[in-house]
Visitor: 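Provided herewith is a single structure, encoded as structure tokens, for subsequent inquiry.
Letters A, B, ... mirror the listed sequences (proteins, then strands); counts begin at 1.
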Amino acid sequence: VFTYALAIAIFSKKGKLDKAMELLAEMKTESLAPNNVIFNSLIDGLLKQQDFDKATALVNEMRLSGCTPDKYTYNIFLNGFVRADRLEDAIALFAHMLEEGGGYVNEVTCGMLIAGFAKADRIDEALTLFAKMEELGMAPNSICYATLITQLLKVSRVEQARDFLEAMTSKHGFGEVQTCNAVLQALINKGSLDPALSLLTKLKKNGVKSNTVIYNSLFSGLLRMGRSDEASQIVKEMIENGHALTSSAYNFIVIDLVRSNQFEKARSFFSMMKEGRAIPSSSVYNTLISGALKEERFDLASGFLKDMISDGYTPGCVTNNIFLHKFVKTGQFEWAYALFEQMEKRDKFTYSHMISCYLKQNKIESALLIFKELKEKALVPDQFIYSLLIRGLVRAGHLDQAIDFAEEMMKNLACSYDV
RNA sequence: CAUCACCCCUUGCUAA
């Protein structure tokens, strides 16, 4: 059983759910009883692919074979909701977990929900929950702190972020590398390069191993801000410190080239990197596809798509969204419908593309239908989608409906709108 | 280290 659990966990983590399920079936034929760990691994894997149906089915199966969902199971679902932007479901589940008692709610649970609030720009609720943790007798760990700090930085509440950073370091030191990296990255993204660098030296002094991840963050951040000189500086420093230049550094370069509209350069750099032994990430492929489409090079786009598949990636929602975007933008609506129908995984990007698809044709009803589907899936419509819809309604002369939506938006998102 | 959260990366309106 232990061996199976290990194997299943690994397959689930890698997204090879079919393999993992096969193993589960195999266990049954050998009349071994799967335990909680096994079910939980599988459920987690399924939810990472947004497959809620199969995951729920598995919970039932779990019960039937005499296992009771435990705090891991709950947390896994909570995180699934958060990841899928189904914040309301996450909140409901959290409340349920609290009611049950039984110690289902722990620091991890709270950390996930805090991250959920943060992602949805509902920072104040995140802060409230954070405060509540202490009431409930839980000590927020460094991950909770880091989540809040990065989000506060994102919305420019710098003072508050600094307070939390100090509180965190006094309680936990600098925590794990990843935690530090989160904060560093947030600073970099804000363009606060100097605070970032000084934090970095502080980290080094405190014995946090500056690792490849941190260098990669710095590198990509600098590239994005167009500071390529400093970026190459970082690369030098990396090499001097004995860090191998990883594939991800190359990946960032390709992505940066595409982003700055240097598609041809990106292409040649990409073939160079493939000739070397660097491994392109799926993001690189997606980036290249979108770059190709921007240049109207469908031929190249489909070429990249093929390469992507032969490299072992399964093109998913993001890739589809890229094509969908192109179809909508160029008015190839029939293609857009066809693709949309075919897509099993749809996210808020998918829906926003379809909404603009219908709005462009003045098909308000259909756009509203899409919006409804989005809500039925318990996705949280964000500011972007609301403003898309509202603008469409205004343009079509449906002022009252527009106002209704504007009010709904303010209620749901606790934000204001400009007229 | 048998199963959960934090980081990073790709896709969103705007004849602009």
Visitor: Between A/D382 (CG) and B/rU11 (C1'), how many Å, whole number?
Guide: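 In whole Å, B/rU11 C1' and A/D382 CG are 14 Å from each other.
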Visitor: Counting only side-chain heavy atoms from C-beta out, which of B/rA2, B/rG12, B/rC8 sits nearest to A/Q185?
Guide: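 Closest of the options to the side chain of A/Q185: B/rC8.
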Visitor: Check every strand shown and say whether A/R224 touches a base, only sugar-phosphate, or nothing at a heavy-atom separation below 4.0 Å.
Guide: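 Touches sugar-phosphate only.
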Visitor: If we ignore angles and hydrogens, is there a donor and acceptor under 3.5 Å between the side chains of A/D70 and A/T73?
Guide: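 A donor-acceptor contact under 3.5 Å links the two side chains.
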Visitor: Heavy atoms from C-beta onward define the side chain here; which of B/rU10, B/rC13, B/rC9 lies closest to that of A/F252?
Guide: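 Given the options B/rU10, B/rC13, B/rC9, the side chain of A/F252 is closest to B/rC9.
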Visitor: Tell me, which of residues 71-90 of chain A have any heavy atom that sits under 4.0 Å from an atom in RNA chain B?
Guide: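 Residues of residues 71-90 of chain A under 4.0 Å from RNA chain B: A/Y72, A/N75, A/I76, A/N79.
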Visitor: Which residues in residues 146-155 of chain A have at least one heavy atom lying under 4.0 Å from any atom of RNA chain B?
Guide: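 Heavy-atom cutoff 4.0 Å gives A/T147.
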Visitor: Go through A/K326 and A/F298 one step at a time and tell me if the side-chain contact (heavy atoms from CB on, under 4.5 Å) criterion holds.
Guide: CA-CA 10 Å; A/K326 183 65 181 173; A/F298 276 87; 4.0 Å; yes
Visitor: Given B/rG12, is OP1 or OP2 found less than 4.0 Å from the side-chain N or O atoms of A/H353?
Guide: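 The answer is no; no side-chain N or O of A/H353 sits under 4.0 Å from OP1 or OP2.
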Visitor: Nearest to the A/I385 side chain among B/rC9, B/rA2, B/rG12, which nucleotide is it?
Guide: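 Minimum distance to the A/I385 side chain belongs to B/rG12.
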Visitor: Quick one: is A/K329 getting a side-chain N or O under 4.0 Å of the B/rG12 phosphate, OP1 or OP2?
Guide: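 No, no such contact exists.
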Visitor: Regarding A/D382 and A/K119, does a basic nitrogen lie under 4.0 Å from an acidic carboxylate oxygen?
Guide: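 Salt bridge: no.
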Visitor: What's A/N141 touching, base or sugar-phosphate or nothing? Going by heavy atoms closer than 4.0 Å.
Guide: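 If one applies the 4.0 Å heavy-atom cut-off, A/N141 turns out to touch a base.
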Visitor: Counting heavy atoms from C-beta on, name the nucleotide in B/rU11, B/rU3, B/rC7 closest to the side chain of A/S290.
Guide: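 Taking heavy atoms from C-beta onward, the closest nucleotide is B/rU11.
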